[in-house]
Amino acid sequence: MPNFVLLSVDTGMDVHTKPFELKRSEYYQSVSDGPSVRMLDSSFANKAALYESLQDASNCHTITFSSHGSPGIVHDNWDSPNGILLSQNDSPEYLQLLADNRFLYFMCCETASLDFTHQLLAYGARAVIGFNEKPKWHYHVIRRMWLDFDIGILQLLLYRQGLDKVKTHRDQYVNMIDSVLPVLIDAGETNRANDYKRMRSVLESMTIAQ
């Protein structure tokens, strides 16, 4: 399927990342009559499969990852060398092949660090979207919000809505959190409020760069 326009790389490597893989798969199935998507799920999400997919990605305008991350790194479940799917230390040729005038979206903790973002933009990425902090939660309601937030970003990217729409989507979630926090604080729900505050902090520090 060389005409895919979005490549989704989803490691689903544990209980924290598997829900994103499953939710994304469900979404892609729901829009199967729309733009073509290639998904590398937990069975195929490794460096070799990513490289192979990049060879016939001439029409691909967006590449997105869901996995664990650290600054400048996307991890996988050890199917890739040293358990690293993508890194700022990869060769310039490889990073150029990845970037290639594309939108790159990382649903991964800390991957979109300033250095890596600048590096990908310098290698030709059209835009980089991701996180400098760690999306995490204690309550299921926050996990659901992260899953829905992620699908919202994917929808905007799949249909090429642009970075302004991505920023608006992010701001809508920040505003939603701001509307809920006073209620939780007044009710003495300190732990739940802290979960919302953490999500707001991660959203406010997002990388949305071009």
Side-chain angles (χ1 to χ4, degrees), residues 6 8-28 30 42 62-76 85-86 103-117 120 127-159 161-210:
L6 185 146
S8 189
V9 187
D10 306 293
T11 65
M13 58 195 295
D14 59 18
V15 296
H16 302 291
T17 57
K18 192 69 175 180
F20 289 91
E21 177 196 357
L22 296 176
K23 188 76 172 179
R24 285 175 168 214
S25 177
E26 180 183 287
Y27 171 66
Y28 298 142
S30 74
S42 54
T62 298
I63 300 178
T64 177
F65 300 82
S66 68
S67 188
H68 285 295
S70 52
I73 294 174
V74 179
H75 298 283
D76 77 1
L85 179 62
L86 179 69
F103 283 76
L104 304 177
Y105 167 43
F106 301 96
M107 184 63 217
C108 315
C109 291
E110 301 179 316
T111 295
S113 62
L114 195 59
D115 288 345
F116 195 31
T117 294
L120 291 169
V128 177
I129 303 163
F131 301 96
N132 293 287
E133 298 182 23
K134 295 181 178 182
K136 58 183 180 179
W137 53 85
H138 295 293
Y139 292 91
H140 288 301
V141 64
I142 300 297
R143 185 184 73 169
R144 288 197 300 271
M145 287 178 67
W146 275 120
L147 290 169
D148 291 341
F149 176 80
D150 178 58
I151 295 302
I153 297 288
L154 292 179
Q155 184 174 18
L156 293 171
L157 294 177
L158 180 60
Y159 291 96
Q161 297 298 297
L163 283 193
D164 285 343
K165 294 285 188 178
V166 172
K167 292 175 182 177
T168 298
H169 180 66
R170 185 269 312 276
D171 293 344
Q172 288 173 341
Y173 271 75
V174 171
N175 292 336
M176 184 192 315
I177 291 169
D178 285 342
S179 70
V180 170
L181 272 175
V183 177
L184 294 175
I185 293 170
D186 288 345
E189 294 276 359
T190 303
N191 292 335
R192 199 176 296 269
N194 287 339
D195 236 17
Y196 278 90
K197 288 178 182 178
R198 185 180 300 110
M199 183 175 185
R200 181 179 63 185
S201 175
V202 176
L203 290 172
E204 289 177 334
S205 70
M206 270 187 77
T207 292
I208 305 175
Q210 62 182 3

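Predicted, not measured: the structure shown is a model, and the values here were computed from it. Numbers here simply count residues along the sequence, with the first being 1.
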**Student:** Heavy-atom count check: over 12 atoms from other residues, nucleotides or ligands less than 6.0 Å from Lys18 NZ?
**Tutor:**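 Enclosed.
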
**Student:** Looking at CD1 of Ile151 and CH2 of Trp146, how far apart are the two atoms once the value is rounded to the nearest 0.5 Å?
**Tutor:**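 Ile151 CD1 to Trp146 CH2: 13.5 Å, rounded to 0.5 Å.
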
**Student:** Among all residues two or more places apart in sequence or in another chain, which pass the side-chain hydrogen bond (donor to acceptor under 3.5 Å, both in side chains) test with Asp10?
**Tutor:**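 Listed in chain order: Ser8, Arg24, Ser66.
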
**Student:** Measuring from Leu86:CG to Leu120:CG, what's the distance to the nearest 0.5 Å?
**Tutor:**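 Rounded to the nearest 0.5 Å, the CG-CG separation comes out at 7.0 Å.
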
**Student:** Crowded around Gln161 CD? As in, over 12 foreign heavy atoms under 6.0 Å?
**Tutor:**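 Enclosed.
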
**Student:** Distance-only, no hydrogens or angles: does the Ser30 side chain make a donor-acceptor pair with backbone N or O of Tyr27 under 3.5 Å?
**Tutor:**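 Yes, because the side chain of Ser30 sits within donor-acceptor range (under 3.5 Å) of the backbone of Tyr27.
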
**Student:** Output side-chain donor-acceptor pairs under 3.5 Å for residues 134-143, partner residues at least two apart or in another chain, one line each.
**Tutor:**
none

**Student:** Under 3.5 Å, is there a donor on one side chain and an acceptor on the other for Thr17 and His68?
**Tutor:**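 Looking only at side-chain atoms, His68 and Thr17 do not form any donor-acceptor pair under 3.5 Å.
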
**Student:** Check side-chain hydrogen bond (donor to acceptor under 3.5 Å, both in side chains) between Thr207 and all other residues, then give those that pass, not counting sequence neighbours.
**Tutor:**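 With sequence neighbours excluded, Thr207 shows a side-chain hydrogen bond (donor to acceptor under 3.5 Å, both in side chains) to Asn132, given in chain and number order.
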
**Student:** For the atom pair CG (Leu158) and CD1 (Ile153), what is the distance rounded to the nearest 0.5 Å?
**Tutor:**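 One finds 13.0 Å between CG of Leu158 and CD1 of Ile153.
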
**Student:** With a 4.5 Å cut-off on side-chain heavy atoms, are Thr64 and Met107 touching?
**Tutor:**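 Contact flag for Met107/Thr64 side chains = no.
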
**Student:** What side chain to side chain donor-acceptor pair (under 3.5 Å) pairs are there with at least one residue in residues 105-114, not counting sequence neighbours?
**Tutor:**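 Every side chain to side chain donor-acceptor pair (under 3.5 Å) pair that includes a residue of residues 105-114, provided the two are not neighbours, is Tyr105-Asp150.
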
**Student:** Supply the atom-to-atom distance Arg144 CZ to Lys23 NZ, rounded to the nearest 0.5 angstrom.
**Tutor:**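 Atom-to-atom, Arg144:CZ and Lys23:NZ are 10.0 Å apart.
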
**Student:** Supply the atom-to-atom distance Leu85 CG to Ile73 CD1, rounded to the nearest 0.5 angstrom.
**Tutor:**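 CD1 of Ile73 is found 11.0 Å from CG of Leu85.
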
**Student:** Going by the ring-ring contact (aromatic ring centres under 6.0 Å, His included) test, which pairs reach into residues 177-210, not counting sequence neighbours?
**Tutor:**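 For residues 177-210: none.
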
**Student:** Out of curiosity, Thr117 OG1 to Ile208 CD1, how far, rounded to the nearest 0.5 Å?
**Tutor:**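 Between atom OG1 of Thr117 and atom CD1 of Ile208 there are 11.0 Å.
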
**Student:** Output every pair passing side chain to side chain donor-acceptor pair (under 3.5 Å) with a member in residues 166-192, not counting sequence neighbours, ordered by first then second residue.
**Tutor:**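 For residues 166-192, and leaving out neighbouring residues, the side chain to side chain donor-acceptor pair (under 3.5 Å) pairs sorted by first residue read Asp178-Arg200.
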
